[in-house]
Amino acid sequence: MSIRTTNRAPVNASDRQMAVAGDYVSIGQQLGVPRDGQIIAIMMALQESSLRVLANVNVPASLQYPHDGLGSDHDSLGTAQQRPAAGWGTVEQLMDPKYNVRAFYGGPAGPNRGRPPGLLDIRGWQFVNKGQAAQAVQLSAFPELYARWEADATAIVAALDGGITPARCSDTPPSSTDPVLPANLSEIRKVILRFTQEGVGGAYVWGGTA
């Protein structure tokens with residue numbers, strides 16, 4: 001899948017990566033996490049796992065669970081690369097991508113009750129830059145790396161929120177016929193769709209009514 005933006009190269013993602021991203025967006029919405037928080041979560045998962053469920057060669061038990069690839073950093077697991085040894089959850093829990101999402105967001109509905117703290121447990125996370133907010137949760141040895149994913153994460157969240165389906169790569173030129181938009185579409189989503197349709201060489205297919 002190719003997610004087009006107006007001023008940069010397209011973001012390419014597999015169906016599986018978009019499914020993982022979809023969990024971060026949809027569960028974030030269920031929890032009342034604002035869009036900025038969802039973008040932070042996608043930035044984190046892009047850096048930590050490239051939006052994949054990773055088992056770990058150092059944790060043989062993790063290999064028993066469905067996974068998209070292998071990591072080798074300490075006992076880090078899953079899409080957020082969080083560690084059983086740090087109290088984030090059991091191996092079984094951390095190999096569940098939906099658990100990863102809830103653990104990262106934390107808050108009153110989080111599985112860890114603030115220990116370790118998720119994003120919603122960090123006081124003032126809304127008032128620092130998004131890379132710093134991700135680092136406040138993850139405590140990475142390379143905190144500067146989260147920020148480089150902000151534009152990609154923003155595009156992914158925009159594509160997933162509101163039913164915009166990313167275009168599949170194709171040699172077929174885009175149709176000159178403007179798509180018919182749902183009558184109840186909000187103005188901001190109309191703007192987002194218009195910008196994505198204007199992307200160089202790109203085409204979006206409207207797939208929802210939200």
Over all heavy atoms of both residues, which pair between A41 and Y24 is shortest? Give the atoms and the distance, please. CB-CD2, 3.5 Å
Indicate yes or no for a side-chain donor-acceptor contact from N100 to the backbone of T79 under 3.5 Å, with no hydrogens or angles considered. yes
Starting from L145, walk the hydrophobic network (Ile, Leu, Val, Met, Phe, Trp, Tyr; side-chain heavy atoms closer than 4.5 Å) and list everyone else you reach, by chain and number. F142
Nearest-0.5 Å distance that lies between atom CG in D152 and atom CD1 in I39: 11.5 Å
Taken in chain and number order and not counting sequence neighbours, the residues that satisfy side chain to side chain donor-acceptor pair (under 3.5 Å) with E92 are none
Contacts of D73 that satisfy side chain to side chain donor-acceptor pair (under 3.5 Å) - sequence neighbours left out: none
Give me each pair satisfying salt bridge (charged side-chain N to carboxylate O under 4.0 Å, His left out) with a member in residues 128-143, each pair once, sequence neighbours excluded. D36-K130, K130-E150
Same cluster (ILVMFWY, side-chain, under 4.5 Å), I42 and L54: no
Could you tell me which residues satisfy side chain to side chain donor-acceptor pair (under 3.5 Å) with Q81, sequence neighbours excluded, listed by chain and number? none
Measure across W125 and L119 and return the closest heavy-atom pair with its distance rounded to 0.1 Å. CD1-O, 3.2 Å
Within a strict 4.5 Å, meaning less than it, do heavy atoms of the I156 and L51 side chains meet? yes
Considering all heavy atoms of both residues, which atom of L31 and which atom of A109 are nearest to each other, and what is their separation? CD2-CB, 3.9 Å
Give me the atom names and distance for the closest heavy-atom approach of G89 to L94. O-CD1, 3.7 Å
Quick one: does D121's side chain have a donor or acceptor within less than 3.5 Å of a partner on G118's backbone? yes
Are R102 and Q30 packed together at the side-chain level, in the sense that at least one heavy-atom pair is separated by less than 4.5 angstrom? yes
Test question: given the 4.5 Å side-chain rule for I, L, V, M, F, W and Y, name all other residues clustered with V57, or answer none. L63, L70
side-chain contact (heavy atoms from CB on, under 4.5 Å) between N58 and H74, worked out: CA-CA 7 Å; N58 300 318; H74 296 86; 5.8 Å; no
Test of understanding: with side-chain contact (heavy atoms from CB on, under 4.5 Å), list the residues that count as partners of A103, not counting sequence neighbours. Q82, W88, Y99, P111, N112
Go through the structure and list residues passing salt bridge (Lys or Arg N to Asp or Glu O under 4.0 Å) with D23, not counting sequence neighbours. K98
Listed once per pair and sorted, the salt bridge (charged side-chain N to carboxylate O under 4.0 Å, His left out) pairs that draw on residues 55-68, sequence neighbours left out: R16-D68
Looking only at heavy atoms, the pair that brings V91 and P84 closest together is CG2-CG, 4.2 Å
Listed partners of R115 passing salt bridge (Lys or Arg N to Asp or Glu O under 4.0 Å), at least two apart: none
Of the non-hydrogen atoms in S140 and Q135, which two are nearest, and what is the gap between them? N-OE1, 2.8 Å
Listed by chain and number, what are the side chain to side chain donor-acceptor pair (under 3.5 Å) partners of D75, not counting sequence neighbours? R83
Rounded at 0.5 Å granularity, tell me how far CD in Q132 sits from CD1 in I122. 12.5 Å
Are R35 and D161 close enough that some pair of their side-chain heavy atoms sits under 4.5 Å apart? yes
Do any pairs count as a side-chain hydrogen bond (donor to acceptor under 3.5 Å, both in side chains) and have a residue in residues 40-52, sequence neighbours left out, and if so which ones? Q47-R148, Q47-W149, E48-Q138, E48-Y146
